[in-house]
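All values derive from a computational prediction rather than experimental measurement. Any value given below was found using the heavy atoms of this structure, including those in side chains, with hydrogens, waters and symmetry copies removed. Chain naming here is simple, since letters A, B, ... match the order of the sequence lines and numbering starts at 1 in each.
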2 protein chains.
Amino acid sequence: MPYGELMNARVRSEERRAEIVRAALEVIAERGYRGASLAAVAERVGLTQQGLLHYFPTKDALLVAVLTERDQWDAVPDTQWRVDLLVSLVEYNAMRPGIIQTFSALLGESVTEGHPARGYFTERYAKVRENMAAVLRAEYGDQLPNGLTPERTAPLLVAVMDGLQYQWLLDPESVDMPGAFRDFLTLLGENPH
Amino acid sequence: MPYGELMNARVRSEERRAEIVRAALEVIAERGYRGASLAAVAERVGLTQQGLLHYFPTKDALLVAVLTERDQWDAVPDTQWRVDLLVSLVEYNAMRPGIIQTFSALLGESVTEGHPARGYFTERYAKVRENMAAVLRAEYGDQLPNGLTPERTAPLLVAVMDGLQYQWLLDPESVDMPGAFRDFLTLLGENPH
DNA sequence: AACGAAACCTACCGGTCTACAGGTAACGGG
DNA sequence: CCCGTTACCTGTAGACCGGTAGGTTTCGTT
């Protein structure tokens, strides 16, 4: 362990937390949030359930960490999103079923009453819709080739991405997620640029 | 109870089962399948948890009953689906959040490993995609105005319906589900009929 | 070398969950 | 009127759950 001695406690603690969050992502993908037990997450990082609670005092605290990690993940630094980057994103997602499964499961759960991720997803989708509207406006201007505005098209764009994910997760052989997404983009009309 | 005396045991049993399934739909909408306890469903129909198990011997059996009820529900008798009927369906759904919430929650859970509804949804989506392709073909012929085939458009249609449901459930005020769906249909091109 | 904090652990509590076992009361057909 | 079936009930097993209490070891700092 050449780096071990150089690490201070602070860094090691952060790494442990990141490890736990990663394990939590996996377990949530497999069993959902309600079905994910702290013990199962702990076991995956070689801890007891109580040892895990030392890092995250409650189950909800762990979920919060999972959600904020995701926020950092898909916040593309500086660069503005473009439509062709969305295609790349979908292609990238199609190679990482785990992450998609985690957040598809969480999204499904979040519509139930009192779910701890509900507020997160509500706010997130509001932001994402705004973001997508801006992307579309940058690409097409105030009016899409088919006559719709970016604001009215954005929810459709988001819906297609999410909906395709469910179909693809359930039956990857039958659904070409990136291909279908490109099909949707052609539906929006020819890029004027 | 004028009809009470005319009812035989068979009919009364069927009614009780239907009552239970209805209650299960509600509880699943509120807490998801994993979060829905037999006791909560039982209480809603005035039974003990063990009394409920008399009608459905396991929790999975109850889920199966819920899923088959849904199949009967959206099997439109005889009449072939048409695109304008889809709009009506979405409008109708927008007035019944409960049902949407139940099956959105179930869909989300179903992508997790070993979920008892996974097979159901996989098969269901295969059928629905076929169905939608047929609807599109009846409406537009072998090629949509934008050049896509019905088979390639069907997954998009399904994805939009599902994806919009999640956005709408999370924030009904911000998302006009039927309006957005109509927007999507205009994206498909003008109806040649 | 001493000390205080961080990083775990064991033990345990109260609750909830599905399911099984077995009992009883009502009921309807012969 | 009897008798088998249906429709429940109580009791309980067995398992997991999140969380608390409190201990002990490890380790960096002084």
When the axes are fitted on five pairs at both termini, how much does the helix from C:dA1-D:dT30 to C:dG30-D:dC1 curve, in 10° steps?
10°
Contact list for residues 154-164 of chain A, test salt bridge (Lys or Arg N to Asp or Glu O under 4.0 Å), sequence neighbours left out:
none
Test ring pair (Phe, Tyr, Trp, His ring centres under 6.0 Å) applied to A:Y166 - qualifying residues, sequence neighbours left out:
B:Y166
Mark yes or no for whether A:S104, through its side chain, and A:Q101, through its backbone, hold a donor-acceptor pair below 3.5 Å.
no
Under the salt bridge (charged side-chain N to carboxylate O under 4.0 Å, His left out) test, residues paired with B:E19 that sit two or more places apart
B:R16
Taking ring pair (Phe, Tyr, Trp, His ring centres under 6.0 Å) as the test, write out the residues that go with A:F181, two or more places apart.
none
What pairs with A:D71 under salt bridge (charged side-chain N to carboxylate O under 4.0 Å, His left out), at least two apart in sequence or on another chain?
none
Run the side chain to side chain contact (heavy atoms under 4.5 Å, CB included) test against B:T102 and tell me which residues pass, sequence neighbours left out.
B:L25, B:I28, B:A29, B:L106
Establish, with yes or no, whether the OP1 or OP2 oxygen of C:dA7 is under 4.0 angstrom from a side-chain nitrogen or oxygen of A:S13.
yes
Below 4.0 angstrom, which residues in residues 104-120 of chain B have at least one non-hydrogen atom near DNA chain C?
none
Quickly work out the A:L53 CG to C:dA11 P distance and round it to whole Å.
17 Å
Give a yes/no answer on whether the side chain of A:R12 brings an N or O atom under 4.0 Å of OP1 or OP2 in D:dT26.
no
What side chain to side chain donor-acceptor pair (under 3.5 Å) pairs are there with at least one residue in residues 54-66 of chain A, not counting sequence neighbours?
A:Y33-A:D60
Tell me which one of B:D142, B:T153, B:L144 satisfies side-chain contact (heavy atoms from CB on, under 4.5 Å) with B:R137.
B:D142
Picking from D:dG28, C:dA19, D:dC8, which would you name as closest to the side chain of B:Q50?
C:dA19
Residues at least two apart in sequence or cross-chain that pass salt bridge (charged side-chain N to carboxylate O under 4.0 Å, His left out) with B:R82, listed by chain then number, are B:D84
For B:Q49 and D:dA7, what is the distance between atoms CD and P respectively, to the nearest whole Å?
18 Å
Within a radius of less than 6.0 Å around CD of B:E43, do more than 12 heavy atoms belonging to other residues, nucleotides or ligands occur?
no
Going by an N to O cut-off under 4.0 Å, is there a salt bridge joining B:E109 and B:R118?
no
Interface residues of residues 54-67 of chain B with DNA chain C (non-hydrogen, below 4.0 angstrom)
B:T58, B:K59
Under-4.0 Å salt bridge between A:E91 and A:R96:
no
Please work out which residues in residues 35-48 of chain A have a non-hydrogen atom less than 4.0 Å from an atom of DNA chain D and list them by number.
A:A36, A:S37, A:L38
